[in-house]
Amino acid sequence: MTQARTTVGIAGAGIMGRLLALRLQHAGYQVTLFDRDPIECGSAAAYTAAGMLAPYTELESAESLIYELGQRSLSLWPDIVAQLDAPEVFHSGGSLAVAHGQDAADLEHFNQLLARKLPGEPGIAFLDRQGLAELEPELAPQFGNATFLAAESWVYTDTLMAALADTLQANGALWHSQCEVSELQAKLIVSANGRHHFDWVADCRGLGAAEDLPGLRGVRGEVIEVYAPEVSISRMVRLMHPRYRLYLVPRANHHYLLGATQIESDDTSEISVRSALELLSALYAIHPAFAEARIVATRTNCRPALLDNQPLVRLEEGVLQVNGLYRHGYLLAPAMAERAQQLLDATQSSVKQAI
Ligand SMILES: Cc1cc2nc3c(=O)[nH]c(=O)nc-3n(C[C@H](O)[C@H](O)[C@H](O)COP(=O)(O)OP(=O)(O)OC[C@H]3O[C@@H](n4cnc5c(N)ncnc54)[C@H](O)[C@@H]3O)c2cc1C
């Protein structure tokens with residue numbers, strides 16, 4: 001007689017919900033997802049994100065824990081991509097931190113921080129103009145120095161979200177889309193289409209979990225996508241600046257994503273004039289040929305953040321909560337899913353031993 005598979009109901013099918021589902025499914029669990037949005041689009045912060053996997057660059061503003069989890073995730077991403085029928089989602093070209101002459105001190109400060117936190121790290125190269133020209137010829141006229149972080153990577157977010165949905169469903173995941181979850185308890189998810197019983201329940205609702213997770217807040221971010229056929233930049237670029245931390249992430253066919261503002265507000269209304277001006281000025285400063293770029297889209301969303309801006313994974317009263325991914329959802333989700341599975345596996349084996 002075959003043994004029944006352990007069932008897990010996951011509320012929230014953003015990046016965290018989908019990656020947790022993939023990991024648990026791969027480990028033999030039967031997964032069911034619930035999301036208030038359609039499978040292929042929606043309000044998830046995951047659809048607004050740039051998809052940077054940049055643990056080194058994030059060291060500038062984040063705790064070492066983010067770096068460590070980010071490094072772990074970077075090592076897990078190849079296995080994740082191998083499970084999807086979409087190799088084009090993952091890009092491993094590295095990133096370049098640059099600064100204009102008047103902001104050289106900001107780049108120098110970043111370099112010192114890297115040297116202090118990661119002494120002797122081989123994946124960091126300090127380039128002069130010629131070194132930069134060898135990697136990104138179109139940036140060299142504007143910048144005399146750059147810091148190259150070879151291991152940093154990025155994903156095409158929309159393509160990845162779609163590929164995850166396809167793989168999960170092809171492998172037997174059940175999906176309740178356009179289905180609001182109103183209550184989560186041990187072994188029970190109450191949704192718009194009824195009461196659903198599972199061995200385990202996971203809450204991956206991002207900001208949608210705010211009522212059940214004290215201190216969870218939204219941090220507004222705005223991004224702009226441009227189409228620039230006259231520009232060829234193949235790596236992520238971080239522009240060091242005294243007031244903004246701006247980045248450019250290449251997408252397919254000369255599309256680029258420019259981000260992101262960071263504003264303490266849960267307002268998801270359209271991009272403000274100030275933010276658009278600041279982002280676009282920075283874009284023009286990275287490469288003057290962006291002057292003729294076409295603005296394809298602007299997007300706004302809120303990052304789910306806890307008071308300490310650290311991610312949370314815990315099993316409490318029978319509900320697995322994974323949240324607070326803040327500005328690092330793509331960077332951290334693989335490592336968070338791994339920790340979540342470890343929690344479930346450990347609890348299951350201790351229950352079995354007790355029996
Ligand atoms: C402008 C911007 C840029 C970013 N750039 C990056 C980046 O470059 N790299 C990076 O790593 N991270 C980035 N992030 C952060 C990243 O987007 C988030 O950390 C990540 O999306 C959080 O994942 P999540 O699955 O917890 O939440 P979400 O992605 O928001 O998904 C939550 C899901 O839960 C669903 N849901 C909520 N409530 C309910 C309910 N009651 N019933 C049913 N379904 C529900 C929602 O519909 C949604 O689909 C960025 C974020 C923003 C806003």
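In each ligand, atom 1 is the first atom listed, and ligand 1 is the first ligand listed.
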Note to self: Quick one: does any side-chain atom of Arg18 pair with a main-chain N or O of Ala13 as donor and acceptor, under 3.5 Å?
What the structure shows: yes
Item checked: Option of least heavy-atom distance to atom 18 (C) of ligand 1 (set: Tyr326, Phe34, Tyr330) -> Tyr326
Notebook entry, point to check: Nearest to atom 17 (O) of ligand 1 by heavy atom, Gly208, Ala45, Gly12, Gly14: which?
Noted result: Ala45
Next item on the list: May I ask which of Pro304, Ala305, Ala46 has a heavy atom nearer to atom 22 (C) of ligand 1 than the others do?
Entry: Pro304
Check: Mind checking whether Phe126 and Phe148 have ring centres under 6.0 Å apart?
Finding: no
Check: Just which atoms of ligand 1 are under 4.0 Å from any heavy atom in Val223?
Finding: 1 (C)
Check: Can you name the one residue among Ile224, Leu257, Ile271 that meets side-chain contact (heavy atoms from CB on, under 4.5 Å) with Arg299?
Finding: Leu257
Item checked: Per-atom contacts, ligand 1 versus Arg303 - under 4.0 Å to a heavy atom -> 1 (C), 2 (C), 51 (C), 52 (C), 53 (C)
Checklist line | Donor-acceptor contact present, side-chain Asp35 to main-chain Gly12, <3.5 Å | finding: no
Check: When you look for heavy atoms under 4.0 Å from ligand 1, do you find them on the side chain of Ser43, its backbone, both, or neither?
Finding: side chain
Next item on the list: Determine, for Glu264 against Arg217, whether the closest basic-nitrogen to carboxylate-oxygen distance falls under 4.0 angstrom.
Entry: yes
Checklist line | Expected output: side-chain Asn301 to main-chain Ala44 donor-acceptor under 3.5 Å | finding: yes
Note to self: Within the 4.0 Å heavy-atom shell around Glu180, which atoms of ligand 1 are there?
What the structure shows: 40 (C), 41 (N), 42 (N)
Notebook entry, point to check: Are the aromatic rings of His254 and Tyr227 close, with centres under 6.0 Å apart?
Noted result: no
Check: Of the protein's non-hydrogen atoms, which lies at the shortest distance from atom 23 (O) of ligand 1, and what is that distance?
Finding: Ile15 CG2, 3.4 Å
Note to self: Tell me whether Arg251 is salt-bridged to Glu225, with the criterion being a basic N under 4.0 Å from an acidic carboxylate O.
What the structure shows: no
Item checked: Heavy-atom nearest neighbour in the protein, as seen from atom 42 (N) of ligand 1, with distance rounded to 0.1 Å -> Val181 N, 2.8 Å
Check: Can you tell which part of Arg327 has a heavy atom less than 4.0 Å from ligand 1: side chain, backbone, both or neither?
Finding: backbone
Item checked: Close-contact set for ligand 1 against Tyr247 heavy atoms, below 4.0 Å -> 3 (C), 5 (N)
Next item on the list: Check the side chains of Ser191 and Asn193 for a donor-acceptor pair under 3.5 angstrom, ignoring hydrogens and angles.
Entry: yes
Note to self: If you take the nearest heavy atom of each of Ala49, Pro38, Ser182, Gly329, which one is closest to atom 20 (C) of ligand 1?
What the structure shows: Gly329
Next item on the list: Could you list which atoms of ligand 1 come closer than 4.0 Å to a heavy atom of Cys179?
Entry: 43 (C)
Item checked: Per-atom contacts, ligand 1 versus Asp37 - under 4.0 Å to a heavy atom -> 47 (O)
Check: Do Gln71 and Tyr67 have a side chain donor and acceptor closer than 3.5 Å?
Finding: yes
Check: Considering residues, nucleotides and ligands other than Gln130, do more than 12 of their heavy atoms fall under 6.0 Å from its CD?
Finding: no
Notebook entry, point to check: In terms of atom number and element, which parts of ligand 1 are under 4.0 angstrom from non-hydrogen atoms of Leu325?
Noted result: 19 (O)
Checklist line | Salt bridge present between Glu211 and Arg205 (N-O < 4.0 angstrom) | finding: no
Item checked: Protein residue, atom and distance nearest to atom 27 (O) of ligand 1, heavy-atom basis -> Gly206 CA, 3.8 Å
Next item on the list: Would you mind checking which non-hydrogen protein atom is closest to atom 43 (C) of ligand 1, with the distance to 0.1 Å?
Entry: Arg36 N, 3.2 Å
Item checked: Closest protein heavy atom (residue, atom, distance) for atom 5 (N) of ligand 1 -> Ala50 N, 3.2 Å
Check: Closest non-hydrogen protein atom to atom 47 (O) of ligand 1, residue and atom name please, with distance?
Finding: Asp35 OD1, 2.9 Å
Check: For ligand 1, which atoms sit closer than 4.0 Å to a heavy atom of Leu331?
Finding: 11 (O)
Notebook entry, point to check: Would you call Ala54 a ligand 1 contact, heavy-atom distance under 4.0 Å?
Noted result: no
Can you give the donor-acceptor pairs under 3.5 Å from side chains of residues 80-95 to other protein atoms, not counting sequence neighbours?
| residue | atom | partner | partner atom | Å |
| --- | --- | --- | --- | --- |
| Gln83 | OE1 | His26 | ND1 | 3.4 |
| His91 | NE2 | Glu88 | O | 2.8 |
| Ser95 | OG | Glu152 | OE1 | 2.6 |

Margin query: Taking side-chain hydrogen bond (donor to acceptor under 3.5 Å, both in side chains) as the definition, give me every residue that meets it alongside Asn111, ordered by chain and number, with sequence neighbours left out.
Written below: Thr147
Check: So, does Tyr47 sit close enough to ligand 1 that a heavy atom of it is under 4.0 Å from the ligand?
Finding: no
Margin query: For atom 25 (O) of ligand 1, what is the closest protein heavy atom, and at what distance to 0.1 Å?
Written below: Met16 N, 3.0 Å
Next item on the list: Considering heavy atoms of the protein only, find what lies nearest to atom 8 (O) of ligand 1 and give residue, atom and distance to 0.1 Å.
Entry: Met52 N, 2.8 Å
Item checked: N or O contact, Val322 vs ligand 1, cut-off under 3.5 Å -> no
Check: Mind checking whether His176 and His196 have ring centres under 6.0 Å apart?
Finding: yes
Check: Under 4.0 angstrom from ligand 1, any heavy atom of Gly42?
Finding: no
